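Remember, predicted model here, so these are calculated numbers, not experimental data. Just so it is clear, the values below take in all heavy atoms, side chains as well, and ignore hydrogens, waters and symmetry mates.
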Amino acid sequence: MNRSGSRLLTMLGALLFVAACGLPLYAHAINAECLRGEDHFEQGRYRAAVAELDTCLGLIQPPDVEAYVLQMRAVAHHQLGEANEALRDQLAAHELDRPRTIWPYLMLATYYRELHRYELALDALAHARRLERKDAGGADGVAVRLHTGRTLMALGRYRDAITQFDEALAHGNEHVHALYYRALCREALGERKRARDDLQDVARLSPAEGFVEEEISLKLREYGLTPAPRAQAPR
């Protein structure tokens, strides 16, 4: 599975990180290195974030804060293509502070999947499913099923993956990534007409998302479909 595809959902996880894992560091009156690391992370300066968070983690922190910082550094490592380091930090965070939401398990599954350790990824996702909030407007269910479907795709279990994407779509509104990955599964099974039907929906829905990833854009063109226009960069 190509590198850009492995990042589509991980970037969403990075954007949701602070909300998922707790209060930002300034709420804990933490030292300057930790705050600088968090600022670099939020600005997408992942190498600088890792350097500051390394120093931060060398200082004595409460266990929940240390777990938060470890998970932040894990995401930064992953964005730098350092999956082994990301996995190490995520596992260490779980040892310090047992996850209470789905998101730490989703990130753990992402790192296992990146390292082709698919059965362990599915095990992490089973833990996430048990923590789904039923009052989250379907967002938890969609996220868990998207990640589960992606992992089953990597194992070549396309029918099982389609079931997961069907369930993701049943949890809420039409979801571009669920439709896109279901299309890839149908394509792999030789069902190109049904794949094209899904991709037509992707093309229709993408403008509402404001942008379209390069991987999706290329697949739409392959099927003779017009990709959504890219969002204009802020001026």
Side-chain angles (χ1 to χ4, degrees), residues 1-14 16 78 83 86-87 90 101-134 136-206 209 212-223 225 227:
M1 195 160 294
N2 66 44
R3 189 74 182 171
S4 62
S6 73
R7 295 294 177 81
L8 295 179
L9 299 181
T10 307
M11 285 303 297
L12 296 177
L16 288 165
H78 188 262
L87 177 62
Q90 192 69 32
T101 71
I102 67 168
W103 300 101
Y105 283 118
L106 294 190
M107 301 313 294
L108 180 62
T110 296
Y111 308 144
Y112 276 134
R113 188 170 65 240
E114 187 81 7
L115 293 166
H116 310 293
R117 299 170 70 178
Y118 302 122
E119 296 302 331
L120 288 171
L122 290 174
D123 183 64
L125 290 163
H127 284 288
R129 190 174 291 233
R130 288 193 285 271
L131 290 173
E132 285 178 23
R133 294 173 297 159
K134 305 307 179 186
D140 280 13
V142 169
V144 173
R145 282 151 188 81
L146 281 174
H147 277 268
T148 303
R150 288 290 316 284
T151 305
L152 292 167
M153 283 178 68
L155 286 166
R157 293 169 54 183
Y158 298 114
R159 292 289 179 202
D160 291 336
I162 287 172
T163 297
Q164 293 298 313
F165 299 132
D166 287 345
E167 291 182 9
L169 291 164
H171 265 74
N173 296 326
E174 293 172 298
H175 193 290
V176 166
H177 289 110
L179 289 163
Y180 173 68
Y181 289 122
R182 189 172 69 178
L184 295 187
C185 289
R186 287 173 166 169
E187 181 182 69
L189 292 167
E191 301 172 356
R192 288 186 65 84
K193 183 181 184 304
R194 299 188 76 186
R196 192 177 196 282
D197 289 343
D198 279 343
L199 291 170
Q200 284 180 317
D201 286 333
V202 170
R204 173 175 58 83
L205 293 167
S206 291
E209 303 241 335
V212 59
E213 293 97 338
E214 184 64 23
E215 178 185 344
I216 295 178
S217 177
L218 290 172
K219 182 59 66 174
L220 292 176
R221 289 194 181 98
E222 180 184 328
Y223 278 76
L225 300 170

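Shown here for Leu169 and His175, the closest heavy-atom pair between the two residues is CD2-N, 3.5 Å. The minimum heavy-atom distance linking Ala161 with Cys185 is given by the pair CB-SG, 3.7 Å. The two residues Leu146 and His177 have their closest heavy-atom pair at CD2-C, 4.1 Å. Between Leu131 and Thr101, the shortest heavy-atom contact is CD1-O, 3.5 Å. Between Leu220 and Leu199, the shortest heavy-atom contact is CD2-O, 3.4 Å. Between Trp103 and Ala143, the closest heavy-atom pair is CH2-CB, 3.8 Å.
Rounding to the nearest 0.5 Å gives a distance of 11.0 Å between CG of Leu125 and CG of Leu120. Expressed to the nearest 0.5 Å, how far CD1 of Ile162 lies from CE of Met153 amounts to 9.0 Å. Between Arg145 atom CZ and Thr163 atom OG1 the span is 11.5 Å, to the nearest 0.5 Å. The distance from atom OH of Tyr158 to atom CD of Glu191, rounded to the nearest 0.5 Å, is 12.5 Å. Between the OG1 atom in Thr110 and the NE2 atom in His147 there is a gap of 4.5 Å [rounded to 0.5 Å]. Taking CD of Glu187 as the start and CZ of Arg182 as the end, the distance is 14.5 Å to the nearest 0.5 Å.
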Evaluation steps, side-chain contact (heavy atoms from CB on, under 4.5 Å), between Leu106 and Val144: CA-CA 7 Å; Leu106 294 190; Val144 173; 4.1 Å; yes

Full working for side-chain contact (heavy atoms from CB on, under 4.5 Å) between Leu87 and Leu108: CA-CA 7 Å; Leu87 177 62; Leu108 180 62; 3.5 Å; yes

Is there a salt bridge (charged side-chain N to carboxylate O under 4.0 Å, His left out) between Arg194 and Asp197? Walk through the geometry before answering. CA-CA 5 Å; Arg194 299 188 76 186; Asp197 289 343; over 6 Å; no

Check against side-chain contact (heavy atoms from CB on, under 4.5 Å), Val202 and Leu225: CA-CA 10 Å; Val202 170; Leu225 300 170; over 6 Å; no

side-chain contact (heavy atoms from CB on, under 4.5 Å) between Leu155 and Leu122, intermediate numbers included: CA-CA 11 Å; Leu155 286 166; Leu122 290 174; 3.8 Å; yes

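A distance-only check finds no donor-acceptor pair linking the side chain of Glu132 to the backbone of Ile102 [under 3.5 Å]. Of the possible donor and acceptor atoms, one in the side chain of Arg196 sits under 3.5 Å from a partner among the backbone N and O of Tyr223.
Side-chain contact, Glu213 with Tyr180: no donor N or O sits under 3.5 Å from an acceptor N or O.
Evaluation of the side-chain hydrogen bond (donor to acceptor under 3.5 Å, both in side chains) rule for Asp123 yields no partner, not counting sequence neighbours. Residues meeting the side-chain hydrogen bond (donor to acceptor under 3.5 Å, both in side chains) test with Gln200, sequence neighbours left out: none. For Asp160, the side-chain contact (heavy atoms from CB on, under 4.5 Å) test picks out Leu152, Arg157, with sequence neighbours left out.
Taking the six-membered ring for Trp and thresholds of 30 and 60 degrees, Tyr105 and His127 have nearly parallel ring planes, at less than 30 degrees apart.
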